[in-house]
Amino acid sequence: SQVASQLGSIENVVALSAGQYTSGSLILMVSYGAHFAFILFFLAMAWQLAPRYRIVPILSAVVMASAGLSLLREFMIWEESYELVGGVYNPLAENTSFTNAFRYGNWTITVPILLTQLAIAFGLARPELHKRVVRMIVPALLMIWTGLYGQFGETGDFLRLNIWGIISTVFFVWLIVEVRGVIGRGVATSPAELKTWPKNIWWYFLATWGLYPIAYALPQLGFTGDVVVVRQLLFSIADISSKLIYGIILSRYVLRRSALEGYVPAAEALETSPLGAT
Ligand code: RET
């Protein structure tokens, strides 16, 4: 429709081949499947940690559930948004139309949690923890909401997409500065054996979060089925790395930190204790 082509998503104006359509379904399915499955991993991980770090994998489990549900919804609207006519998947622009906007809504929940996890993993205590977290969350939310507003312009003349994309990038740069500050505190508080971890997490953060603006800008390469599919792939790689693999990295870091700070998991303490069962 007229409205959909002026303000909407490229998914609603591009027909897909069977291969492209199935690839899109597959990418979204793998994404939500991975997020849901790792809820269990992160909950199990919490048992191994010193009490002060247990909230780190528990927050990962919350992120997995939230992102999993959002990605399941994306998968469902993907399936509902196309009609197979003569071997081609045509978008159904009228009723149920595909949008990536739900992702941005979901980041409002997950991004503040991901940033909070970082500060807790690095052992920051209140009131510094509180101050640093707020200073990261403010630019992060402004980045997401300006990007959410701008992405509705991806089927227009790109003026809206680019102006809000630039404004959003300014907030991203501000966020990067705040995250760098927290990384610096991480290096300072880490035991000597773990000082390389915050530095590596810094580069990992830049590489994985940096994928989102690329996905945002991608429609400018053209309204084609390949761009539609490649963008879902980029989002999916970014999601799995910035939430799931990031969660594993932080969990492994706090696991080592727990041990270096003298924490012995309960079951192990029992085994090695003279009062233990064996
Ligand atoms: C937008 C708009 C274009 C400019 C920039 C963006 C950055 C988005 C980022 C998103 C990160 C999301 C994460 C989600 C995890 O659940 C909004 C696409 C810079 C960095 C980590």
Side-chain angles (χ1 to χ4, degrees), residues 38 41-64 67 107 109-144 168-214 237-265 268:
F38 271 76
F41 171 87
F42 287 117
L43 291 181
M45 191 76 200
W47 292 98
Q48 315 277 328
L49 304 173
R52 67 181 304 200
Y53 298 123
R54 284 184 192 158
I55 193 72
V56 172
I58 288 171
L59 288 175
S60 277
V62 173
V63 167
M64 292 301 107
W107 299 342
I109 310 297
T110 54
V111 164
I113 297 177
L114 295 170
L115 296 168
T116 305
Q117 276 182 293
L118 190 68
I120 297 174
F122 289 159
L124 301 190
R126 269 171 295 194
E128 192 196 0
L129 174 71
H130 187 258
K131 194 191 76 183
R132 294 259 183 200
V133 165
V134 170
R135 276 172 42 183
M136 291 190 288
I137 291 178
V138 169
L141 290 180
L142 292 171
M143 170 191 82
I144 293 164
S168 175
T169 302
V170 172
F171 292 124
F172 187 34
V173 172
W174 171 8
L175 169 64
I176 287 173
V177 172
E178 295 297 338
V179 170
R180 187 67 191 84
V182 172
I183 297 279
R185 295 293 293 124
V187 175
T189 67
S190 287
E193 297 89 330
L194 297 180
K195 288 211 188 283
T196 54
W197 283 68
K199 291 175 196 157
N200 293 336
I201 290 169
W202 163 245
W203 295 113
Y204 188 78
F205 164 83
L206 288 180
T208 56
W209 288 48
L211 295 175
Y212 291 97
I214 299 174
I237 292 171
D239 283 339
I240 292 175
S241 15
S242 71
K243 295 185 266 256
L244 199 160
I245 300 175
Y246 170 83
I248 297 174
I249 294 171
L250 285 190
S251 292
R252 291 171 66 94
Y253 168 78
V254 290
L255 181 67
R256 280 160 180 71
R257 214 173 147 144
S258 295
L260 288 167
E261 289 170 2
Y263 177 74
V264 181
E268 221 172 281

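Computed over heavy atoms, backbone and side chain alike; hydrogens, waters and symmetry mates excluded. What you see is a predicted model, and the numbers here were worked out from it, not measured in a lab.
Here CG of Leu129 is found 7.5 Å from OG1 of Thr116. Values are rounded to the nearest 0.5 Å. If you take CD1 on Ile201 and CG on Leu250, they are separated by 5.0 Å, rounding to the nearest 0.5 Å. From Leu260, atom CG reaches atom CG of Leu255 across 9.5 Å, with rounding to the nearest 0.5 Å. Separating the CE atom in Met64 from the OG1 atom in Thr110 is a distance of 9.0 Å, to the nearest 0.5 Å. One finds the CD1 atom of Ile113 at 10.5 Å from the NZ atom of Lys243 (value rounded to the nearest 0.5 Å). Rounding to the nearest 0.5 Å places CG of Leu211 at 11.0 Å from CG of Leu206.
Residue Arg252 qualifies as open at atom CZ: its count of foreign heavy atoms under 6.0 Å is 12 or below.
Arg185 contributes no side-chain N or O that, together with a main-chain N or O of Gly181, makes up a donor-acceptor pair within less than 3.5 Å. A distance-only check finds a donor-acceptor pair linking the side chain of Ser258 to the backbone of Ala50 [under 3.5 Å]. Judged by distance alone, the side chain of Thr208 and the main-chain N or O of Ser241 form no donor-acceptor pair under 3.5 Å.
A heavy-atom distance below 4.5 Å is not found between the side chains of Leu43 and Pro57. Looking at heavy atoms from C-beta onward, Ile58 lies out of side-chain contact with Phe42 at the 4.5 angstrom threshold. When side chains are defined from C-beta on, Tyr246 counts as touching Gln117, because their heavy atoms get closer than 4.5 Å. Looking at heavy atoms from C-beta onward, Ile176 lies in side-chain contact with Trp202 at the 4.5 angstrom threshold. Side-chain contact check for Arg52 versus Ile120: every heavy-atom pair is 4.5 Å or farther apart. Within the 4.5 Å cutoff, side-chain heavy atoms of Ser242 are placed close to those of Tyr212. The closest side-chain heavy-atom distance from Tyr263 to Pro51 is below 4.5 Å. Residues Pro265 and Trp47 have side chains not in contact (no heavy-atom distance under 4.5 Å, counting atoms from C-beta outward).
A donor and an acceptor atom, one from each side chain of Arg257 and Thr189, are located under 3.5 Å apart. Side-chain contact of Gln48 with Tyr53: a donor-acceptor pair under 3.5 Å is absent, judged by distance alone. Remark: the Tyr253 side chain and the Asn200 side chain contain no N/O donor-acceptor pair separated by less than 3.5 Å.
Nearest heavy atom pair, residue Trp174 against residue Leu142, reads CZ3-CD1, 4.2 Å. Closest approach of His130 to Arg126, counting heavy atoms only: CB-CG, 4.3 Å. Of all the heavy atoms in Val182 and Phe122, the pair that sits closest is O-CD1, 3.5 Å.
Taking the six-membered ring for Trp, Trp209 and Phe172 have ring centres at least 6.0 Å apart.
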* To do: Evaluate the criterion side chain to side chain contact (heavy atoms under 4.5 Å, CB included) for residue pair Phe205 and Leu118; output intermediate values, then yes/no.
  => CA-CA 11 Å; Phe205 164 83; Leu118 190 68; over 6 Å; no
* Could you walk me through whether Leu114 and Val63 pass side chain to side chain contact (heavy atoms under 4.5 Å, CB included), step by step? => CA-CA 8 Å; Leu114 295 170; Val63 167; 4.3 Å; yes
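With Met136 as the partner, the side chain to side chain contact (heavy atoms under 4.5 Å, CB included) test is satisfied by one option alone out of Val177, Val111, Leu175: Leu175.
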